[in-house]
Amino acid sequence: MEPQSGNGDDAVARARELVRAEQFGPAIELLREHLGAHPDDGIAWRRLAGALIGFGEHAAAVDAAGRAIEINPEDVAAYRYRALALLMLNRDGDSYADAKRAVELAPDDHEALSLLARNVVEVDRDVARFKELIQRALTVNPDSAPARHLARQYRRLHRRTLIVAMHLVTLPAAIVLLFGWFAVDTGRSMDARWMVWPCLVALAATLVRGVFTWSARGVPPMLTLPQASAAASAAGIVAAGAGYGATRGVPAAAVLGLTAVAISGVFGLLLLLRSRRTAQPPVRRIYDWP
């Protein structure tokens, strides 16, 4: 049972209803007025944090949730709010710590489990742990909006990651082989087919994959460095193999392969940086307002 606010006044309860109705501005004003007279009301500070998150003032929400935690170090909802606000500020490491603490305090809190899962996949890139946490959240509450939202996002993200990894293999190899074909083809040699046909197949496959993954547009890939490195190596092998088949020369094949590795590696690193900068935090409206 939730403890009552400090003076028994119904201002905190009214603020909760305002927040649930997404009238965040009036709720913030009401809670700040109440806290002016009752600064030790931990529930009011926690609900102020929730209202501030809804209003988009995430830095202020971090401070308000912190005050609630100072008053009651075992306030699970306050840890959740602070974790969510920190996530909105892209402070993933701090958010991870708060989400982890919330789960320690309440192992069956489906929202805390979802927040921790979001941080695990972003900070640790631990897909297995992410799946475990989401499954736990859905076991506790099969209708958990945060857990279901993250599960859908993960499926889209995973599909997008596979497609991007395949692009990192095929496109650099196709580019290198296309330019290599112009250098090798004399109009007489049939060996040039070793270059032009892999290039055309790769470009056709890229178009087909683009059609079937249209719904995943805008979802940043969750590439890891080993995945990007493996894709670059595969691109190099494809380019080198096709180059050797066309030229029968090891030096030319090596140049083509290393060039494909370099192109794929650069694009892979750029995508790694982009995925970390553009990863979207959970939608705030899927979380409850306790």
Side-chain angles (χ1 to χ4, degrees), residues 2 16 19-20 22 24 42-43 45-70 72-158 219-220 222 275-290:
E2 188 179 78
R16 182 188 188 190
V19 169
R20 286 181 175 272
E22 298 192 1
F24 301 115
I43 296 174
W45 280 112
R46 176 227 293 167
R47 290 190 178 159
L48 176 60
L52 289 167
I53 290 172
F55 204 63
E57 296 185 8
H58 303 127
V62 171
D63 294 336
R67 290 292 301 274
I69 291 169
E70 288 176 4
N72 180 9
E74 296 186 357
D75 189 334
V76 176
Y79 279 105
R80 281 201 281 108
Y81 279 153
R82 192 165 71 175
L84 182 56
L86 289 166
L87 195 59
M88 296 291 185
L89 294 170
N90 293 320
R91 293 169 56 183
D92 299 317
D94 294 332
S95 177
Y96 192 168
D98 277 347
K100 183 178 179 181
R101 180 58 179 158
V103 170
E104 290 172 352
L105 291 170
D108 292 331
D109 187 315
H110 67 95
E111 293 192 343
L113 288 166
S114 299
L115 273 171
L116 182 57
R118 172 62 177 75
N119 280 290
V120 161
V121 79
E122 180 62 27
V123 176
D124 291 342
R125 303 280 171 158
D126 189 341
V127 176
R129 177 66 171 154
F130 171 86
K131 291 180 178 178
E132 175 195 343
L133 291 166
I134 290 299
Q135 186 58 50
R136 282 174 58 187
L138 290 173
T139 300
V140 173
N141 182 2
D143 297 323
S144 172
R148 293 169 69 89
H149 171 77
L150 286 175
R152 287 193 301 271
Q153 285 295 95
Y154 171 74
R155 285 193 292 270
R156 295 178 65 206
L157 183 148
H158 184 63
V219 179
M222 190 182 62
S275 66
R276 293 181 182 275
R277 291 175 181 173
T278 62
Q280 296 297 316
V283 179
R284 59 172 171 75
R285 288 186 176 88
I286 64 176
Y287 288 86
D288 197 9
W289 307 106

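Only a predicted model underlies this, so the values are computations on that prediction, with no experimental measurement involved.
Distance OG/Ser95 to NZ/Lys100: 13.5 Å, rounded to 0.5 Å. Of the inter-residue distances, the one linking Asp94 atom CG with Leu87 atom CG reads 11.0 Å to the nearest 0.5 angstrom. Rounding to the nearest 0.5 Å gives a distance of 6.5 Å between CD1 of Ile53 and NE2 of His58. Here the straight-line distance linking atom CG of Leu113 with atom CG of Asp108 works out to 7.5 Å at 0.5 Å rounding. One distance of note links CZ of Arg152 with CG of Leu150; it measures 9.0 Å at 0.5 Å rounding. Taking OH from Tyr81 and CG from Leu48, the interatomic distance works out to 10.5 Å, rounded to the nearest 0.5 Å.
Taking each heavy atom of Pro142 and Arg148 in turn, the nearest pair found is O-NH1, 3.3 Å. Listed here is the closest heavy atom pair of Ala102 and Tyr79: CB-CB, 3.9 Å. The two atoms that bring Ile134 and Ala151 nearest to each other are CG2-CB, 4.2 Å, heavy atoms only. The minimum heavy-atom distance linking Ala64 with Leu52 is given by the pair CB-CD1, 4.1 Å. Here the closest non-hydrogen pair linking Ala99 and Asn119 is CB-ND2, 4.1 Å. Closest approach of Ala61 and Ala85 over heavy atoms only: CB-CB, 3.9 Å.
Asp98 pairs in a salt bridge (Lys or Arg N to Asp or Glu O under 4.0 Å) with only one of the listed residues (Arg82, Arg118, Arg91, Arg80), which is Arg82.
Each ring pair (Phe, Tyr, Trp, His ring centres under 6.0 Å) pair with one or both residues in residues 110-144, not counting sequence neighbours, appears once here: Phe130-Tyr154.
A donor-acceptor pair under 3.5 Å is absent between the side-chain atoms of Asn72 and the main chain of Ala68, judged by distance alone.
In this structure, the side chains of Leu116 and Arg136 stay at 4.5 Å or more apart for every pair of heavy atoms. In this structure, the side chains of Val120 and Tyr96 come closer than 4.5 Å at one or more pairs of heavy atoms.
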